[in-house]
Amino acid sequence: MIRRLVAPWGRRTACIIATLVLTVAAAGVGAQETPLRLADDAPDRHIVVPGDTLWGIAGKFIKDPWRWPEIWRLNKEEIKNPHRIYPGDIIVLERGADGKPQLKIAKPFKLEPKQYVQAQKQEISAIPQKIIEPFLSQPLIVEADGLENEARIIATQEERVYLGQGDKAIVANVRDGSELWQIYRPGPAMKDPDSGDILGYEAFYLGTARLLQPGDPAVMEMVQVKQEVGKFDRLIPSGRPPLMNYVPHKPDTRIDAKIISVYGGVGTGGRSSVVALSRGKFDGLEVGNVLGLFRTAKQVEQRNEKGDLETVTVPEERYGLVFVFRVFERVSYALVMDAARPLALSDTAHNP
């Protein structure tokens, strides 16, 4: 059985201040443990420009970007119908009647009509969409036999070993009349570093095919090929997921996850890397959760002043943040938003 996307995807229409933040009402948790902290050298105002993201703008004013609702004084109803931010808007930092910091949108600079219309079309996204878009409908997390019953390539054009763009393939078990199909190949097991349990298998995305001739077998044409496509590769109908707005927030429950892979087959990563975490829907994770990245505590031996060996515990240290944007039953994908050092496999991700 294929573990389908738990929550729908989001695109550039996720342009709202609410998609930056965590509120008490939205997150379903108690009051924040610490007072809101302004960023070092926080500006009095910021003029929104094309290329800004809401997360990046938040970081200019506060140290914990997901706590923007507190500084905007947003409530649950305002999150349902929030403000929008466009290039040219001026975000002003003020003090409220209670003396606490507050953000407001001032009147934008006067723009020529042509410029203003263009600005309205360039809504600011919550997080860097171009980085995560390939993961919103592409790699899948499947069970061991999750692709066994899907459509599969049984022969290639002119008996070629691999197919390229424009080549045709004979495909069996096509039970859907969808025009576009995504091509996958089962990947290695994804294991929990703590228990050793197999959490699922990552299905590698190879490309896209178009149905030319329905039937069993059917004929398909390769539309886009990102990796080599050949016999026995599987195909899944390429649906268009509904749009959504991301609302970053802390998890409702305690989450203790490990980084089990860095996309691209590398062992380390950093800011803007996409990582797989060893926790998913079953554990209480959901799209929009913000987690802290921590270097796991460890024990090291060193000599003391007397020259004797002693064991010293190096405590856990937070060095970054990840934003969960896709959730499966026991595994999740997250985007590294901030990282003060390179991350490594088996580093911990839990409540910030």
Side-chain angles (χ1 to χ4, degrees), residues 10 13-49 52-110 119-120 123-127 244-255 284 286-294 317-324 337-338 340 350-352:
T13 53
C15 60
I16 53 180
I17 291 175
T19 60
L20 270 177
V21 294
L22 164 67
T23 64
V24 171
V29 295
Q32 295 289 345
E33 296 84 356
T34 59
L36 189 68
R37 298 176 301 164
L38 290 179
D40 297 333
D41 300 320
D44 293 330
R45 59 182 57 206
H46 173 74
I47 302 173
V48 181
V49 299
D52 272 347
T53 62
L54 297 181
W55 186 288
I57 293 172
K60 295 180 181 295
F61 293 98
I62 55 177
K63 292 188 175 181
D64 298 320
W66 65 91
R67 294 179 63 180
W68 252 31
E70 294 175 66
I71 200 169
W72 279 94
R73 313 293 175 92
L74 296 179
N75 57 39
K76 190 173 182 179
E77 292 304 315
E78 288 172 318
I79 281 183
K80 294 179 181 178
N81 184 27
H83 302 286
R84 294 175 180 270
I85 298 180
Y86 302 90
D89 285 344
I90 305 172
I91 300 174
V92 180
L93 177 64
E94 299 179 348
R95 293 281 176 180
D98 57 2
K100 296 180 179 180
Q102 181 176 3
L103 291 179
K104 293 183 178 180
I105 296 180
K107 292 184 64 175
F109 287 131
K110 184 177 180 181
Q120 284 188 308
E123 298 168 341
I124 300 301
S125 61
I127 59 176
M244 72 166 292
N245 289 326
Y246 291 118
V247 182
H249 55 282
K250 293 199 299 184
D252 293 339
T253 59
R254 173 71 182 182
I255 299 293
E286 60 185 24
V287 170
N289 279 163
V290 175
L291 301 173
L293 280 177
F294 295 82
E317 178 187 3
R318 173 177 149 179
Y319 65 88
L321 291 170
V322 296
F323 176 86
V324 177
M337 302 300 299
D338 295 295
H350 58 72
N351 305 54

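None of these values were measured; they are calculated from a predicted model. Sequence positions, counted from 1, serve as the residue numbers for this chain.
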Is the backbone N or O of I105 less than 3.5 Å from a side-chain atom of D89, with the two atoms forming a donor-acceptor pair by type?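 No.
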N/O donor-acceptor pair under 3.5 Å between N351 side chain and I255 backbone: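 It does hold such a pair.
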On a heavy-atom basis, which atom in K60 and which in A39 lie closest, and how many Å separate them?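 So the two residues come closest at O-CB, 3.7 Å.
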Looking at every non-hydrogen atom in both residues, tell me the closest pair between A42 and L93 and how far apart they are.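 Scanning both residues, the minimum pair turns out to be CB-CD2, 4.5 Å.
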Worked check of side chain to side chain contact (heavy atoms under 4.5 Å, CB included) between L38 and K63: CA-CA 6 Å; L38 290 179; K63 292 188 175 181; over 6 Å; no
Is the closest side-chain heavy-atom distance between [X] and [Y] below 4.5 Å?
X    : Y    : answer
I57  : I91  : yes
D338 : Y319 : no
F61  : P101 : no

Let me confirm one number: the [atom1]-[atom2] distance from [X] to [Y], rounded to the nearest 0.5 Å.
X    : Y    : atom1 : atom2 : result
H350 : L293 : NE2   : CG    : 9.5 Å
I62  : L36  : CD1   : CG    : 5.5 Å
L321 : D64  : CG    : CG    : 7.5 Å

Does a sphere of radius 6.0 Å around CZ in R45 hold more than 12 heavy atoms from other residues, nucleotides or ligands, not counting ones at 6.0 Å or beyond?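 Open.
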Taking CG in D98 as the centre, count heavy atoms belonging to other residues, nucleotides or ligands within less than 6.0 Å. Is the count above 12?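 For D98, atom CG is crowded (more than 12 foreign heavy atoms under 6.0 Å).
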My understanding is that only residues two or more places apart in sequence, or in another chain, count here; which of them pass salt bridge (charged side-chain N to carboxylate O under 4.0 Å, His left out) with R95?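 With sequence neighbours excluded, R95 shows a salt bridge (charged side-chain N to carboxylate O under 4.0 Å, His left out) to no residue whatsoever.
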Between D52 and H46, does the side chain to side chain contact (heavy atoms under 4.5 Å, CB included) criterion hold? Intermediate values first, please. CA-CA 11 Å; D52 272 347; H46 173 74; 2.9 Å; yes
With side chain to side chain contact (heavy atoms under 4.5 Å, CB included) as the criterion, how do Y86 and V48 come out once you've worked through the C-alpha distance, each side chain's angles and the decisive distance to 0.1 Å? CA-CA 7 Å; Y86 302 90; V48 181; over 6 Å; no
Step by step, would you call H249 with N289 a side chain to side chain contact (heavy atoms under 4.5 Å, CB included)? CA-CA 5 Å; H249 55 282; N289 279 163; 3.3 Å; yes
